[in-house]
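Quick caveat, the model's predicted, so the values are computed rather than measured. The first residue in the sequence is number 1, and the count goes up from there.
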Amino acid sequence: MKVIHYCSSFSPLSETFIYDIIITLEKFGIDNNILTNAIVNKDDRPFNKITEVDINDTNILKRIFFKSLIKVFKVKREKISFYNKRNKLVKKINGQKPDIIHAHFGPQ
């Protein structure tokens with residue numbers, strides 16, 4: 001079984017339980033992969049299957065396109081930002097073909 005764990009950051013000191021869960025699942029033969037926006041405490045909590053995706057990174061052409069959408073069609077900036085972030089995450093998830101996606105914490 002392949003599981004993607006999505007965390008906005010992996011693995012802050014206050015979230016030892018997520019790291020512990022992933023390490024324990026690995027011992028049971030479950031293939032765990034981390035999808036995160038930022039890696040922290042890399043040396044203290046080593047794990048080699050981490051994909052970091054910068055959901056705030058957009059190239060200049062996309063920024064110009066989004067600004068024109070906002071101006072011409074009066075599309076809300078928050079809506080464009082949400083779809084841009086979502087599409088980046090979906091591409092990474094589809095590339096890994098997981099059986100399960102575990103988003104740690106409700107807002108994620």
Side-chain angles (χ1 to χ4, degrees):
M1 179 186 315
K2 185 171 189 172
V3 179
I4 287 182
H5 298 267
Y6 176 71
C7 308
S8 56
S9 62
F10 181 80
S11 166
L13 292 175
S14 62
E15 297 175 6
T16 57
F17 62 95
I18 296 173
Y19 181 77
D20 293 342
I21 288 169
I22 292 166
I23 296 303
T24 302
L25 290 172
E26 284 284 317
K27 290 177 183 175
F28 284 103
I30 294 173
D31 183 17
N32 294 275
N33 298 269
I34 310 299
L35 183 60
T36 187
N37 308 110
I39 302 170
V40 294
N41 297 318
K42 196 176 201 174
D43 296 331
D44 295 331
R45 298 187 186 150
F47 193 74
N48 61 352
K49 296 184 280 183
I50 301 175
T51 302
E52 189 173 14
V53 59
D54 183 3
I55 60 174
N56 296 315
D57 177 42
T58 56
N59 65 36
I60 190 70
L61 293 176
K62 282 184 182 178
R63 276 190 248 153
I64 292 169
F65 174 72
F66 289 145
K67 283 182 181 181
S68 51
L69 276 178
I70 291 167
K71 264 186 180 172
V72 176
F73 298 107
K74 309 240 185 288
V75 176
K76 291 185 178 179
R77 184 180 309 271
E78 299 81 29
K79 195 169 195 175
I80 291 171
S81 177
F82 167 78
Y83 286 116
N84 188 34
K85 291 175 182 180
R86 184 198 67 182
N87 289 341
K88 285 183 178 184
L89 290 173
V90 166
K91 283 180 185 177
K92 294 289 183 181
I93 290 169
N94 286 341
Q96 294 188 20
K97 297 183 181 4
D99 297 306
I100 296 171
I101 301 169
H102 184 175
H104 292 271
F105 304 110
Q108 296 173 13

Please report the C-alpha distance between Leu25 and His5 in whole Å, then the side-chain angles of each, then the deciding distance to 0.1 Å, and finally whether the side chain to side chain contact (heavy atoms under 4.5 Å, CB included) criterion is met. CA-CA 12 Å; Leu25 290 172; His5 298 267; 4.1 Å; yes

Between OH of Tyr6 and OG1 of Thr51, what distance do you get to the nearest 0.5 Å? 12.5 Å

Salt bridge (charged side-chain N to carboxylate O under 4.0 Å, His left out) contacts touching residues 95-104 (sequence neighbours left out): none

With side chains defined as the heavy atoms from C-beta onward, is the minimum distance between Phe47 and Asn33 less than 4.5 Å? no

Distance-only check: which donor-acceptor pairs under 3.5 Å involve side-chain atoms of residues 17-24, not counting sequence neighbours?
residue	atom	partner	partner atom	Å
Tyr19	OH	Pro46	O	2.9
Thr24	OG1	Asp20	O	2.8

dist Glu26:CD -> Asn48:CG (nearest 0.5 Å) comes out at 8.0 Å

State which residues pass salt bridge (charged side-chain N to carboxylate O under 4.0 Å, His left out) with Asp31; sequence neighbours excluded, sorted by chain then number. Lys49

Can you name the side-chain hydrogen bond (donor to acceptor under 3.5 Å, both in side chains) partners of Thr16, sequence neighbours left out? none

Would you give the length of the straight line joining atom CG of Asn41 to atom CD1 of Ile39, rounded to the nearest 0.5 angstrom? 11.5 Å

I need the minimum non-hydrogen distance between Ala38 and Glu52, along with the two atoms involved. CA-OE2, 3.5 Å

Any donor and acceptor pair, going by atom type alone, linking the side chain of Thr36 with main-chain N or O of Cys7 inside 3.5 Å? yes

When rounded to the nearest 0.5 angstrom, what is the spacing between CG in Leu35 and NE2 in His102? 13.5 Å

Salt bridge (charged side-chain N to carboxylate O under 4.0 Å, His left out) partners of residues 2-11, not counting sequence neighbours, each pair once: none

Sequence neighbours left out, what passes side chain to side chain contact (heavy atoms under 4.5 Å, CB included) with Ile101? Give chain and number order. Ile93, Pro98

